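Step one of this worksheet: look at the structure below.
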Amino acid sequence: MSHQLNEQELERRKALQELIDLGIEPYPAEGFEVNAGTQEILDNYNPDAKNYQQVQIAGRLMTKRIMGKASFAVLQDARGKIQLYISRDDICPTEDKTLYNTVFKRLLDIGDFIGVNGYVFTTQTGEITLHVTGLKLLSKSLKPLPIVKTEKDGTVHDAVADPEFKYRQRYVDLTINPAVKNVFIKRSQLIGSMRRFMTEQGYLEVETPVLQPIYGGAAARPFKTHHNALDTVFYMRIANELYLKRLIAGGFDGVFEFAKDFRNEGMSRFHNPEFTMLEVYVAYKDYQWMMDFTEAMLERAAQDLHGTTQLPVGEHIIDFKRPWKRFTMYEAIEHFTGIDISEMDEAALLNVCKQLHIETDKSMARGKLIDEIFGTKCEPYLIQPTFITDYPVEMSPLAKKHRSKPGLVERFEAICNGKEICNAFSELNDPIDQRKRFEDQLELGRRGDIEAMMLDEDFLRALEYGMPPTAGLGIGIDRLCMIMTNQPSIQDVLFFPQMKPEKFD
RNA sequence: GAUUCCGUAGCUCAGUAGGUAGAGCACAUCCCUUUUAAGGAUGGGGUCCUGGGUUCGAGCCCCAGCGGAAUCACCA
């Protein structure tokens, strides 16, 4: 404890000592049995039924309004808050009024955890309230809690406006801003809904290595680390694709993993260095089937979270109801630019980029150029969930060649609110073709593409033993969650978004 | 990485031709009330992000740094 304590912190430490002097343990070890919740009481209390007459609840003291021999307070627990009515002679039936006069009125502070028991009633002003007959301190708070400010016109502002404060001290943000807590409950429900959907199909939830000697499965720069005993470089995974496909080769017919991936890149509203990706692989299926699967899973997730498929997202209402629109990538580009690029070579595409004012550089081959055109001229305008299919082979080294369209692969992305939310293909299971694609990646790397993939010999060996035809899907859970909870920034759907380490002096 | 903006009390925010640092909430002491979104009085609390510079004098102007945000770049 090297920092200077401010006045209010000193005051609370003084109160702490006074409590100890009174023989009150400020951090009791034993549990406190709770038999109701605040929100549950508000929802179900019925004055005629006389229910909730022996209630025991616990939580944080959020306000205190002292009015002499009787006081009001607000107790907040995990799901809500309820008013407490505390009368001196009820909690101090004997001559000794210390518990009320000293402990409650003076030594308890906003933010303290307390346990209370009593009976529920309705006050003259009609507010459902717990009439407290017993009170116990469960944990003393030593720092003042910011209080939500309500303007005279009724608008409520977050008690903490500084984003840095919110993200670094999420525990405070969660305590004082209930809407924040709700976002994370929704996030958990989202993952739960998707997990249930996949488990019901009989797919197996698995875990694969985070530390990988060869990173793969995506185009991205990795974090590098070191194993002491092996004296070996490991990379934090950028994707788990190649491991999950090994499992399909091993005989599972459906596997999935909610995986933390790590990419050593810039940070922004849409990028956190570590993020969560769902990957699913299903044997004997193709990308057409996977589109149906994706729609069904996300339609149901929206329904599970909100009871409807239509969600407000920023300025828009986004509808996850099936079926979603489907365009090929060439169709989408032609639709938004009026240019048919399907037959163009690299030189012609460079011209198109120039014409559309898209910057290019020497490392960009045909696939990358097409991706640039799509990324700037199409993607931002696709608001409703839309499948874009049939990508150029150059930008999809792990996808199977299109069954009928030369130069393309069987791949789709779903775009929603102007951003990619998932990526999927008929997985490449031809080991000869896969080796060639890896070699093409190595060539791209030599050309200066720092995100080109490494060649993974073990993965090729698995394909040589044989992998059934397989459909694979990856969904960025954080970005999906931003849409599903209408949050503008990835930091708002991560409890602890990555930030520069805080300095304590 | 580039550009722009922000950093003042525990929290939210004012502030100024460049002239002794403010409000609300919170906190403390007291009064009043005793089933309410209390009322009143008094008071304490600041490295105005840090370090330089200009100036008689800087929270304010200039430079650099730190931290954050937005936009862009990067990012399948």
Side-chain angles (χ1 to χ4, degrees), chain A residues 4-12 14-15 63-74 83-89 106 109-111 121-127 129 131 142-152 154 156-169 172 176 217-221 238-239 241 263-273 275 329 359 361 367-368 370-372 374-375 379 388 391-392 394-399 409 411-413 415 419-425 449-451 453 474 476 479 488-489 491 497 499-503 505:
Chain A
Q4 294 272 318
L5 296 177
N6 66 42
E7 183 197 17
Q8 294 188 43
E9 290 172 322
L10 289 169
E11 202 60 48
R12 286 179 181 228
K14 240 169 67 190
T63 70
K64 236 169 64 173
R65 295 191 296 280
I66 292 168
M67 358 241 319
K69 281 183 284 188
S71 300
F72 290 93
V74 169
Q83 175 167 270
L84 307 178
Y85 171 72
I86 300 170
S87 119
R88 187 190 68 187
D89 296 333
R106 223 160 49 70
D109 290 297
I110 291 174
F121 75 111
T122 309
T123 64
Q124 286 176 0
T125 55
E127 182 162 355
T129 299
H131 188 128
L142 296 182
K143 285 178 84 66
L145 208 52
I147 299 300
V148 174
K149 188 179 180 183
T150 308
E151 298 287 343
K152 280 179 184 155
V156 180
H157 300 286
D158 279 0
V160 176
D162 176 8
E164 185 179 357
F165 189 125
K166 291 166 68 74
Y167 301 145
R168 288 198 195 277
Q169 302 186 48
V172 175
I176 60 187
R221 279 185 286 169
I238 57 172
E241 169 156 356
R263 298 189 184 175
N264 206 340
E265 292 160 352
M267 292 160 63
S268 78
R269 200 151 74 80
F270 295 100
H271 301 84
N272 197 64
F275 62 100
M329 174 164 268
E359 282 188 30
D361 68 65
K368 193 86 177 164
I370 293 172
D371 187 46
E372 279 299 313
F374 179 78
E379 197 173 66
I388 302 297
Y391 284 62
E394 299 90 333
M395 51 195 285
S396 313
L398 302 170
V409 290
R411 168 178 174 184
F412 72 83
E413 289 189 1
I415 315 292
K419 282 273 167 189
E420 174 205 341
I421 55 169
C422 73
N423 182 20
F425 16 93
D449 186 344
I450 48 179
E451 293 173 350
M453 288 182 192
R479 288 188 188 172
S489 165
Q491 294 170 308
M499 304 186 86
K500 283 200 183 177
E502 189 175 359
K503 283 189 187 122
D505 38 36

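For clarity, every value in this text was computed on a predicted model and none was experimentally measured. The chains referred to below are lettered A, B, ... by the order of the sequence lines, with proteins before strands, and numbering in each begins at 1. All heavy atoms count here, side chains included; hydrogens, waters and symmetry mates do not.
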Proximal nucleotide (of [options]) relative to the [X] side chain:
{"X": "N6(A)", "options": "C74(B), G10(B), G68(B)", "result": "G10(B)"}
{"X": "P146(A)", "options": "U36(B), C27(B), C11(B)", "result": "C11(B)"}
{"X": "E164(A)", "options": "U35(B), U12(B), G67(B)", "result": "G67(B)"}
{"X": "V160(A)", "options": "G68(B), U36(B), C11(B)", "result": "C11(B)"}
{"X": "F165(A)", "options": "U35(B), G67(B), C11(B)", "result": "C11(B)"}

Cationic N near anionic O, under 4.0 Å, R12(A) to E9(A): no

Which whole-number value in Å describes the distance from [X] [atom1] to [N] [atom2]?
{"X": "K500(A)", "N": "G67(B)", "atom1": "NZ", "atom2": "C1'", "value": "8 Å"}
{"X": "F270(A)", "N": "A70(B)", "atom1": "CZ", "atom2": "P", "value": "10 Å"}
{"X": "M267(A)", "N": "A69(B)", "atom1": "CE", "atom2": "C1'", "value": "12 Å"}
{"X": "E9(A)", "N": "C27(B)", "atom1": "CD", "atom2": "C1'", "value": "12 Å"}
{"X": "R221(A)", "N": "C74(B)", "atom1": "CZ", "atom2": "C1'", "value": "7 Å"}
{"X": "Y85(A)", "N": "A38(B)", "atom1": "OH", "atom2": "C1'", "value": "14 Å"}
{"X": "K64(A)", "N": "C27(B)", "atom1": "NZ", "atom2": "C1'", "value": "11 Å"}
{"X": "Y167(A)", "N": "A70(B)", "atom1": "OH", "atom2": "P", "value": "7 Å"}

In Watson-Crick or G-U wobble terms, both distances under 3.5 Å, what is the partner of [N]?
{"N": "G57(B)", "answer": "none"}
{"N": "G10(B)", "answer": "C25(B)"}
{"N": "A69(B)", "answer": "U4(B)"}
{"N": "G45(B)", "answer": "none"}

Considering only the [atom1] atoms, how many Å lie between [N] and [M], rounded to the nearest integer?
{"N": "A14(B)", "M": "G40(B)", "atom1": "C1'", "result": "25 Å"}
{"N": "G19(B)", "M": "G7(B)", "atom1": "C1'", "result": "24 Å"}
{"N": "A26(B)", "M": "G43(B)", "atom1": "C1'", "result": "14 Å"}
{"N": "C6(B)", "M": "C61(B)", "atom1": "P", "result": "9 Å"}
{"N": "U55(B)", "M": "G65(B)", "atom1": "P", "result": "23 Å"}
{"N": "U12(B)", "M": "G52(B)", "atom1": "C1'", "result": "32 Å"}
{"N": "A23(B)", "M": "U42(B)", "atom1": "P", "result": "12 Å"}
{"N": "G24(B)", "M": "G15(B)", "atom1": "C1'", "result": "15 Å"}

Is it the case that the base of U36(B) and the side chain of T125(A) share a donor-acceptor contact (distance under 3.5 Å, atom types as modelled)? yes

Distance-only donor-acceptor test (3.5 Å): side chain Q83(A), base U36(B): yes

Nearest nucleotide by nearest heavy atom, which residue falls closer to the 5' end of RNA chain B, S268(A) or P501(A)? P501(A)

Report the residue (Q8(A) or K419(A)) whose heavy-atom-nearest nucleotide on RNA chain B is the more 5′ of the two. Q8(A)

Residue-phosphate contact under 4.0 Å: [X] side-chain N/O, [N] OP1/OP2:
{"X": "Q124(A)", "N": "U36(B)", "answer": "yes"}
{"X": "R65(A)", "N": "U36(B)", "answer": "no"}
{"X": "Q491(A)", "N": "A69(B)", "answer": "yes"}
{"X": "R269(A)", "N": "C72(B)", "answer": "no"}

Look at all strands and tell whether [X] reaches a base, only sugar-phosphate, or nothing, counting heavy atoms closer than 4.0 Å.
{"X": "P273(A)", "result": "nothing"}
{"X": "E451(A)", "result": "sugar-phosphate"}
{"X": "M329(A)", "result": "nothing"}

Any donor-acceptor pair under 3.5 Å from R269(A) side chain to P488(A) backbone: yes

Quick one: does T125(A)'s side chain have a donor or acceptor within less than 3.5 Å of a partner on T123(A)'s backbone? no

Tabulate protein N/O versus nucleotide N/O from nucleotides 28-33 of chain B, keeping only pairs under 3.5 Å, one per line.
residue: U33(B); atom: O4; partner: G68(A); partner atom: N; Å: 3.2

Test side chain to side chain contact (heavy atoms under 4.5 Å, CB included) on K368(A) and M395(A) and set out the steps. CA-CA 6 Å; K368(A) 193 86 177 164; M395(A) 51 195 285; over 6 Å; no

For a quick test of reading the model, state the closest non-hydrogen atom pair linking E265(A) to A219(A) and the distance between them. OE2-O, 4.5 Å

Tell me, please, whether F270(A) has K419(A) positioned over its six-membered ring: NZ or CZ under 6.0 Å from the ring centre and within 45 degrees of its axis? yes

Audit row: I415(A), I421(A), side chain to side chain contact (heavy atoms under 4.5 Å, CB included) steps and yes/no: CA-CA 6 Å; I415(A) 315 292; I421(A) 55 169; over 6 Å; no

Would you please indicate yes or no on a ring centroid separation below 6.0 angstrom for F412(A) and F425(A)? no

Look at the rings of F72(A) and Y85(A) and say which category their plane angle falls in: under 30° parallel, 30 to 60° tilted, over 60° perpendicular. tilted

Using the salt bridge (charged side-chain N to carboxylate O under 4.0 Å, His left out) criterion, which residues pair with R411(A)? Sequence neighbours excluded. E413(A)

